[in-house]
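Quick note on labels: first sequence line is chain A, next is B, and so on, each numbered from 1.
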Amino acid sequence: MFLALRRAVEAALSDALGDLGLPTADLGIEEPPEGVDAVLASSVAFRLAGERGTAPPAVAAEIAAAVDPAGYEYVGDVEAAGPYVNIHPADAYYDDTLAAARDPEYGRLDDRGESVVVEHTSANPTGPVHVGRARNPIVGDAIANVLDAAGYAVARHYYVNDAGRQMAVFTWAYETFGENELPEPERDRADYDLVRYYQKGNAFLETAAEAEREAVEAEIESIMRGLEAGDEETYERVGAVVDGVLGGMRASLGRLPAEFDRFVRETRFLRDGSAAAVVERLRESDHAEREDGAWVLDLADWGIEKPFVFLRSDGTTLYTTRDLAHHEWKFANFDRAVTVLGEDQKLHADQLAAALEILGNDAGRLTSTFYSWVNLPEGGMSTREGTGVDLDDLLDESIRRAREEVESRLDTRIRDDDLTDEDVERIARQVGIGAVRYDVVSKQPAKAITFEWDRALDFEAQSAPYVQYVHARCCGILDEAGAPSEGTDAPSTETDAGTVGANALGTPEERALLAVLARYPAVVEHAAAELAPHRVATYTRELSEAFNAFYRECPVLSAEGETRRARLALVAAARTTVANALSLLGVAAPESM
RNA sequence: GGGCACGUAGCUCAGCCCGGAGAGAGCGUCGGACUUCUAAUCCGACGGUCGCGGGUUCGAAUCCCGUCGUGCCCGCCA
């Protein structure tokens, strides 16, 4: 609704200014501050005051009078308020919102006929996912969800770095050390089991004597050469380790849940010759140079002073070279590509984009978006060094605290819905995991986070449970009223769509809630355009506040007649909208708490 | 040294892309509201030189320049 209103206001203002003989380049449309009773406003009068030779308020009055609301959908009263032109929506705006927001698909935008591949996480398969890396799947999954809702055909990819030195070290260590040389695994799962070999191998390399280390390095190098040459036996050796660790990591990520349509292996681009072909094409470009036996690209034209090595002096490819082949493959299969990366990858991403252009691609089809590191109060997290908090530990602890919370409330519950043990467990899981996801996704990715248990797992205010509680309240009211529960198509006499108008919703709290609900599709649009899912999180908070104000002031079940019917419809609309918004964030919407 | 990001209330953060209406939340502190649709809620009070200095503008947290602080990165790692 909001998107349509905004377009209508643009047309109405533009036409009015045209009639007055004023320029229409900048309409100054904005959302008024809190406390102003208007949905949209324009500050254009400031800019036209000079031209008109009068004060802004006079111009604003002139413009307001020149707008004819009748000709534009959803545009109601237009009035000057000091130097501003305030726009109030017509009744139809609220009527249509009340109807549309009860559609389970509310907030899904029209199909754009455009495909996007979202690559995220892509953590090296070296061990369990830790909290530092968890920002990637949480943000990445939400970005994919938002793009999907915004009408793109989305594919979620995990790029598996199975060709680098890390994997060669890992494979050697796995084949060399025995169970009796290793500590007990922290969990009974492949990633926890195998990471011990990786850590043992790295520790060995750091402390081994010169001669011993050289022998090992020779072995590691032979594995890397085997991969580069497309040697089947080497693939099988490395693959055994990669498959095992990745299986465990997928289990962790699946708990969030973050799932992928496809795991794309780096070695694929070695085996099919596309990485080698990229090297050949780059060598022929005007930007290629030979330096100390290696091949580099001069990217000065892209503002990157350092030469970018794409072929080692021993003739082997580097990670970025293979990533070029990877991205050309993406371009061949999708219209756009989005990659979610840690901020340490910024230079790499710039080099990648420049090299893609040299190869003749439109690098504008690739958007890289970055997130800052998650640190512990005492420092960074590293799989190799075995420092950091595992994602599994964080989720377990969060669920444990949530369960404690649910159980402590059982005695004082007003609602007599007799939660079973299964209910308690379900709620604990929904709230516990939701709290972690929400805490991460609600912040701008560019800002660094210091992970603190108590803060991440605060179940009050500005948190997932705060929003989830609103959903549960909606469900409680609708359930009490005999409305169908979510996901069923059974018609309801009380909340039947189409027959309820918004005219019975006249209190400020009801109007404010409707106005917030109307904005949801615009939030999806904005979040998708900016790849900024935290905007959806901010929105869920605004929606929750508006709902709680309504809840406080407007009794639903004890209301009568048209008021009751309209309020039930409003609650149904709020429930659908909050559920849809939470689902974009990957946060569960509990029906009771 | 160079590049990129970040700096808003005691703490954690929105707002910045696209400049406009006394700068908004939450946590914490203090004071209120459960015989009423779930109090994981709500209401009120206290709390801010939007890092600092310039510039552009009728108007700057928002745009530009400089500066300080923090983080990340800087050719044969990924």
OP1 or OP2 of [N] under 4.0 Å from side-chain N/O of [X]:
X: A/R322; N: B/rA78; answer: yes
X: A/R473; N: B/rC42; answer: no
X: A/Y466; N: B/rC42; answer: yes
X: A/N124; N: B/rA78; answer: no
X: A/R535; N: B/rG15; answer: yes
X: A/R165; N: B/rC77; answer: no
X: A/Y551; N: B/rA39; answer: yes

Given [options], which nucleotide is nearest the side-chain atoms of [X]?
X: A/H348; options: B/rC37, B/rA78, B/rC13; answer: B/rA78
X: A/M593; options: B/rA40, B/rA39, B/rC42; answer: B/rA40
X: A/L347; options: B/rC37, B/rC74, B/rA21; answer: B/rC74
X: A/E545; options: B/rA25, B/rA40, B/rC72; answer: B/rA25
X: A/D458; options: B/rG15, B/rU8, B/rC27; answer: B/rC27
X: A/R552; options: B/rA40, B/rC43, B/rG75; answer: B/rC43
X: A/K447; options: B/rC37, B/rC16, B/rC17; answer: B/rC16
X: A/Q444; options: B/rU41, B/rG15, B/rC73; answer: B/rG15
X: A/E460; options: B/rU41, B/rC37, B/rA14; answer: B/rU41
X: A/L557; options: B/rG75, B/rC76, B/rC37; answer: B/rC37

Rounding to an integer number of angstrom, what distance separates [N] and [M] when you compare their [atom1] atoms?
N: B/rA14; M: B/rU29; atom1: P; result: 24 Å
N: B/rA23; M: B/rG48; atom1: C1'; result: 8 Å
N: B/rG26; M: B/rG15; atom1: C1'; result: 15 Å
N: B/rG7; M: B/rC52; atom1: C1'; result: 11 Å
N: B/rU8; M: B/rU70; atom1: C1'; result: 16 Å
N: B/rG66; M: B/rG2; atom1: P; result: 12 Å
N: B/rC73; M: B/rG31; atom1: P; result: 48 Å
N: B/rC30; M: B/rU35; atom1: P; result: 24 Å

Do A/F263 and A/H157 have their ring centres less than 6.0 Å from each other?
no
Centres of the A/Y159 and A/H326 rings: under 6.0 Å?
yes
When all nucleic acid strands are considered with a 4.0 Å heavy-atom cut-off, which category describes [X]: base, sugar-phosphate, or nothing?
X: A/V406; answer: base
X: A/G164; answer: sugar-phosphate
X: A/E305; answer: nothing
X: A/Q468; answer: nothing
X: A/A41; answer: base
X: A/V571; answer: nothing

Is there a side-chain contact between [X] and [Y] in this structure, where contact means two heavy atoms from C-beta onward sitting under 4.5 Å apart?
X: A/F550; Y: A/R567; answer: yes
X: A/T267; Y: A/V242; answer: no
X: A/Y158; Y: A/M249; answer: yes

Between [N] ([atom2]) and [X] ([atom1]): distance, integer Å:
X: A/K443; N: B/rG26; atom1: NZ; atom2: P; value: 16 Å
X: A/R541; N: B/rC42; atom1: CZ; atom2: P; value: 13 Å
X: A/D350; N: B/rC72; atom1: CG; atom2: P; value: 18 Å
X: A/E343; N: B/rG3; atom1: CD; atom2: C1'; value: 13 Å
X: A/W373; N: B/rG71; atom1: CH2; atom2: C1'; value: 12 Å
X: A/F308; N: B/rC73; atom1: CZ; atom2: C1'; value: 15 Å
X: A/E560; N: B/rC37; atom1: CD; atom2: P; value: 17 Å
X: A/F269; N: B/rA78; atom1: CZ; atom2: C1'; value: 16 Å

Could you walk me through whether A/T320 and A/F308 pass side-chain contact (heavy atoms from CB on, under 4.5 Å), step by step?
CA-CA 9 Å; A/T320 314; A/F308 159 54; 3.3 Å; yes
Look at [X] together with [Y] and state whether they make a salt bridge at an N to O cut-off of under 4.0 Å.
X: A/R429; Y: A/E425; value: no
X: A/R552; Y: A/E509; value: no
X: A/E221; Y: A/R225; value: yes

Geometric cation-pi criterion, A/R541 with A/Y466: 6.0 Å, 45°
no
Base [N] to side chain [X], donor-acceptor N/O within 3.5 Å cut-off:
X: A/N86; N: B/rA21; value: yes
X: A/S558; N: B/rC37; value: no
X: A/Q462; N: B/rA25; value: yes
X: A/H526; N: B/rC17; value: yes

Ranking A/P445 and A/S544 by the position along RNA chain B of their nearest nucleotide, the one closer to 5' is A/P445
With nearest nucleotide decided by heavy atoms, which residue, A/V556 or A/T316, maps closer to the 5′ end of RNA chain B?
A/V556
Go through the steps for A/F2 and A/E31 under the test side-chain contact (heavy atoms from CB on, under 4.5 Å), then give the verdict.
CA-CA 11 Å; A/F2 185 82; A/E31 291 182 49; 3.7 Å; yes
Syn or anti for B/rG75, with syn set at within 90° of 0?
syn
Syn or anti for B/rC46 (syn when the glycosidic angle lies within 90° of 0):
anti
Kindly assign one of parallel, tilted or perpendicular to the pair A/F547 and A/Y551, based on the angle between their ring planes and the thresholds 30° and 60°.
tilted
Watson-Crick or G-U pairs under 3.5 Å in RNA chain B, rendered as dot-bracket with [ ] for crossing pairs and | for another strand:
(((((((..((((......[...)))).(((((.......))))).....(((((..]....))))))))))))....
